[in-house]
Amino acid sequence: MITTAAGLLLLSQPVGTLNQLAMSLAAMAVMIGLWLFLDGPRTRFVFLAMGSLVVLRYMLWRVTSTLPSPGDPVDFGFGLLLLAGELYCAFILFLSLIINAEPLRRRTPPLGPAQALPRVDVFVPSYNEDASILALTLAAARQLDYPADRLTVWLLDDGGTDQKCADPDPEKRAAAQARRADLQRLCADLGARYLTRPTNRHAKAGNLNNGLAHATGDLVAVFDADHAPFRAFLRETVGYFAQDPRLFLVQTPHAFLNPDPIERNLRTFARMPSENEMFYAVTQCGLDKWNGSFFCGSAALLRRSALDEAGGFSGITITEDCETALELHARGWNSVYVDKPLIAGLQPETLADLIGQRSRWCQGMFQILLLKNPLWQRGLTPIQRLAYLSSMTFWFFPVPRLIFMFAPLLHIFFDLKIFVASIEESIAYTATYIVINLMMQNYMYGKFRWPLISELYEYIQGLYLFRAIVSVLVSPRTPTFNVTRKGVSLDHDHLSAVSAPFFAVYGLLLVGGVVAGWRYLFEPGVTDLMLVVGLWNLFNLLTAGAALGVCAERRQSEKAPSLPIGRRGVLALEGRVLDVGIERVSAEGCTIRLAAGLLAPGAGHRPMAGELTVEPVEGARPGGSLPVTLVQVARSREDAVCRLAFGALRSRDYPALAGLMYGDSDAMRRFQLRRRRHKDLLSGLLHFAWWGLVEPLRAVRTLFLPEPAPLLDASAQSAAVPAETAWAETALPLSAPAAARVRPGNGAARGEPAASDPVRRETEAGRDRVEPEEGDWVRLMVEFENDRLLSGERRHAGTA
């Protein structure tokens, strides 16, 4: 404390502008040297301390020297508003430095003997999800690496409650009754228990509490309906409860198979870390050090006795997860965070759904802040109060983000002076502060967040979340729980339904940039301050331009999200038994690689039905075989890359599919680690600027795209394909009519009644086709492989 006081006293001493610039540049040079040559745990604190001194010096200067005169109430009022936004950012920065300065990394404890393991109830709460999504999640939960007599899987169905089955609307009533009957059969087929309740009171929290009223296990695992667990989930989490009798929670990361709208529309999913990875890979580990990691609603294991003590899952707010964790931390219970992706889930596909999801999170966090403020919550330690305060006040970001977006326009259009500084002072204080702030963020989060990506996400959400914040402030108890849609199909490029405000803001900023340039060049008496403000507006324009690219929704590149895996299997194909390597898999199909000589000469010219048996991971029981159809082949002299389509799966096929997709718990981690390459500041800034320049052009082009034509029937589609789009001879796609004729998953082909299986009934309604689609991930993979193999053969022939 003495050192801190001395440092603050030193920072408060007045210095000249040139001296300030020299000190900031010197600090920057020292930080770069530490980063390049002495990086390590101790160096980390010195690096962050140096950067913090510059930030504090800037904030002191902003508060004492840059506000307009109070005698001009308009300038002074807007100046205070801008300063408040900057103070909020500094507050969040220092909270994050405290929380994340030394993230905790844990080692997995031993599981213990099987007879001593606690009984586990797995809860899969559901509302309106498709039967195929639920089937895969339930099948994966049933295959968890845990003694079967100590594991019970529950489907908690809030879409088939008595309330919904008695709805006055006959269509809704019939749909709820059919859903209940179908899911009861599905659970019976998969060995899970079906449970519903009389009403939908308290949404997800009420649904989970209804599960607690019927379950009797010692621990409760919670997985959202679209969050399928990997086989090792319980093996990696249960052991912690034996170490600490006061442990109530083991939380694991949320990892996703599909890109969010920003990743899909900017095409970054395969090369840039997802937005949530910084939270789960850094922030939750930082919170864990202070016993402040909290329940995130899914991918978690909780102690039943702790939940009983708190009266179950809390349901006062619409974020029951964080609220429950806050309640239990205040009662003296502890939490653990395990930084291993042990589930694979689905993200919202459309920008509108993403904003709707984030609006719920934002409103829920503000509800907790207003109704159960952690600063006044008894039982929390001081650092736990800061940890929860950091997580809740973060969601205030829409307000300063919009302030920063529109503040330059006040000077450009109305000549308001809300930031009083010369251009020399702006360089010495503001420019160096911005650079050092970016350096600190890149130093801490460079492997998990590209430069300026946070600004893009916050701006995109901020235009709509501002209204959500106001609604909670006006009436904290009003927000209601809305389920986020998943599995939406995007079959053509189009503009998002929420794009209009983004076009309006971009147009306003573009006009502002033109006016700023004209006034600086031609208007007498305009100072260099207009140049500074114009550059600020240019950055905002680039951000708004990148956001327009996000509004231009691209068609999905795959009908079902897929996961790269490395598994072995045996393919039985028309009398041949072939050893294959399985490289990628989704709920609709997979790609395999095998020796080219093993395939029959005519393979690929026509659909070929077969069975795929997957080699189980160590310790797992054989999962049976999957019915497949060979639909695409790419050959070379050595290898063949093939697409296998699953067709319409029966309920009893899903355990085999779950074993294939979720048997190897390291598959998701390998995928994430491939994207976690440090992005330096310069290349990150250039990449961001490129988006800002080119994405508005794509958005305008999308705006004028014609409406998609109605879908043709299969024969018409086949006839409509132009000859120049045909594949090379070695890549043989299956035509749509042929695909419709041969579907090994079809119950009729096996002599089984179609109506007996809820999953089959849904897929026959049109969800599960095997004909290839332009842009499909398997088609793209096979085309790429085909081109590679053909070019290799040409080079070989030329050499010969």
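Not measured: the values here are computed from a predicted model.
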Trainee: Does either side chain, that of Ser126 or that of Arg179, offer a donor lying less than 3.5 Å from an acceptor on the other one?
Mentor: yes
Trainee: Could you please spell out the steps behind the salt bridge (Lys or Arg N to Asp or Glu O under 4.0 Å) verdict for Glu618 and Arg231?
Mentor: CA-CA 11 Å; Glu618 184 179 356; Arg231 173 175 161 76; over 6 Å; no
Trainee: Do Thr196 and Asp157 have side-chain N/O donor and acceptor atoms under 3.5 Å apart?
Mentor: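 Short answer, no.
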Trainee: I'd like to know if the side chain of Ser625 and the backbone of Glu611 have a donor-acceptor N/O pair within less than 3.5 Å.
Mentor: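 Checked: no pair found.
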Trainee: Any donor-acceptor pair under 3.5 Å linking the side chain of Gln177 with the backbone of Cys165?
Mentor: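 At least one qualifying donor-acceptor pair exists.
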Trainee: Can you check whether Gln347's main-chain N or O pairs, donor with acceptor, with Asp260's side chain at less than 3.5 Å?
Mentor: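 Side chain of Asp260 to backbone of Gln347, a donor-acceptor pair under 3.5 Å: no, none is there.
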Trainee: Not counting sequence neighbours, which residues clear side-chain hydrogen bond (donor to acceptor under 3.5 Å, both in side chains) with Arg193? List them please.
Mentor: none
Trainee: For Lys340, which residues count as a side-chain hydrogen bond (donor to acceptor under 3.5 Å, both in side chains) partner, sequence neighbours excluded?
Mentor: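 So Lys340 forms a side-chain hydrogen bond (donor to acceptor under 3.5 Å, both in side chains) with Thr108, Glu236.
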Trainee: Where do Asp158 and Arg201 land on the salt bridge (Lys or Arg N to Asp or Glu O under 4.0 Å) test, with the steps shown first?
Mentor: CA-CA 10 Å; Asp158 247 15; Arg201 181 176 172 81; over 6 Å; no
Trainee: Using ring pair (Phe, Tyr, Trp, His ring centres under 6.0 Å), reason through Tyr146 and Phe233 one step at a time and then give a plain yes or no.
Mentor: CA-CA 9 Å; Tyr146 207 72; Phe233 181 89; over 10 Å; no
Trainee: Please tell me if the side chains of Asp639 and Leu594 come closer than 4.5 Å, counting only heavy atoms from C-beta onward.
Mentor: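 They are not in side-chain contact.
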Trainee: Identify whether the distance between the nearest side-chain nitrogen and carboxylate oxygen of Glu277 and Arg675 falls below 4.0 Å.
Mentor: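 Yes, this pair counts.
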Trainee: May I ask you to decide if Asn200's main-chain N or O and Gln163's side chain share a donor-acceptor pair within less than 3.5 Å?
Mentor: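 Yes, the answer is positive, given that a donor and an acceptor are paired below the 3.5 Å cut-off.
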Trainee: Under a plain distance cut-off of 3.5 Å, with no hydrogens placed, do Asp308 and Ser305 share a side-chain donor-acceptor pair?
Mentor: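 There is no such pair (donor and acceptor under 3.5 Å, judged by atom type) between the side chains of Ser305 and Asp308.
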Trainee: With heavy-atom distances below 4.5 Å as the criterion, would you say the side chains of Phe256 and His227 are in contact?
Mentor: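 Yes. Closest side-chain heavy atoms under 4.5 Å.
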Trainee: Going by distance alone, is a donor N or O of one side chain under 3.5 Å from an acceptor N or O of the other, for Glu263 and Ser274?
Mentor: yes
Trainee: Would you kindly say whether Thr591 and Arg643 are connected by a side-chain donor-acceptor distance under 3.5 Å?
Mentor: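 The answer is no; no qualifying pair exists.
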Trainee: Taking the side chain as every heavy atom from C-beta outward, state whether Met661 and Leu257 have any atom pair closer than 4.5 Å.
Mentor: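 Yes, close enough: below the 4.5 Å cut-off.
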Trainee: After noting the C-alpha distance and the side-chain angles of Arg669 and Asp666, does the key distance pass the salt bridge (Lys or Arg N to Asp or Glu O under 4.0 Å) rule?
Mentor: CA-CA 5 Å; Arg669 186 165 186 82; Asp666 290 330; over 6 Å; no
Trainee: Answer yes or no: is there a donor N or O on one side and an acceptor on the other, between the side chain of Asp189 and the main chain of Leu186, under 3.5 Å?
Mentor: no
Trainee: Taking the side chain as every heavy atom from C-beta outward, state whether Leu155 and Leu195 have any atom pair closer than 4.5 Å.
Mentor: no
Trainee: Testing Leu612, Thr613, Val614 one by one against Val580 for a side chain to side chain contact (heavy atoms under 4.5 Å, CB included), which residue passes?
Mentor: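 Testing each of Leu612, Thr613, Val614 against Val580, the sole residue satisfying side chain to side chain contact (heavy atoms under 4.5 Å, CB included) is Leu612.
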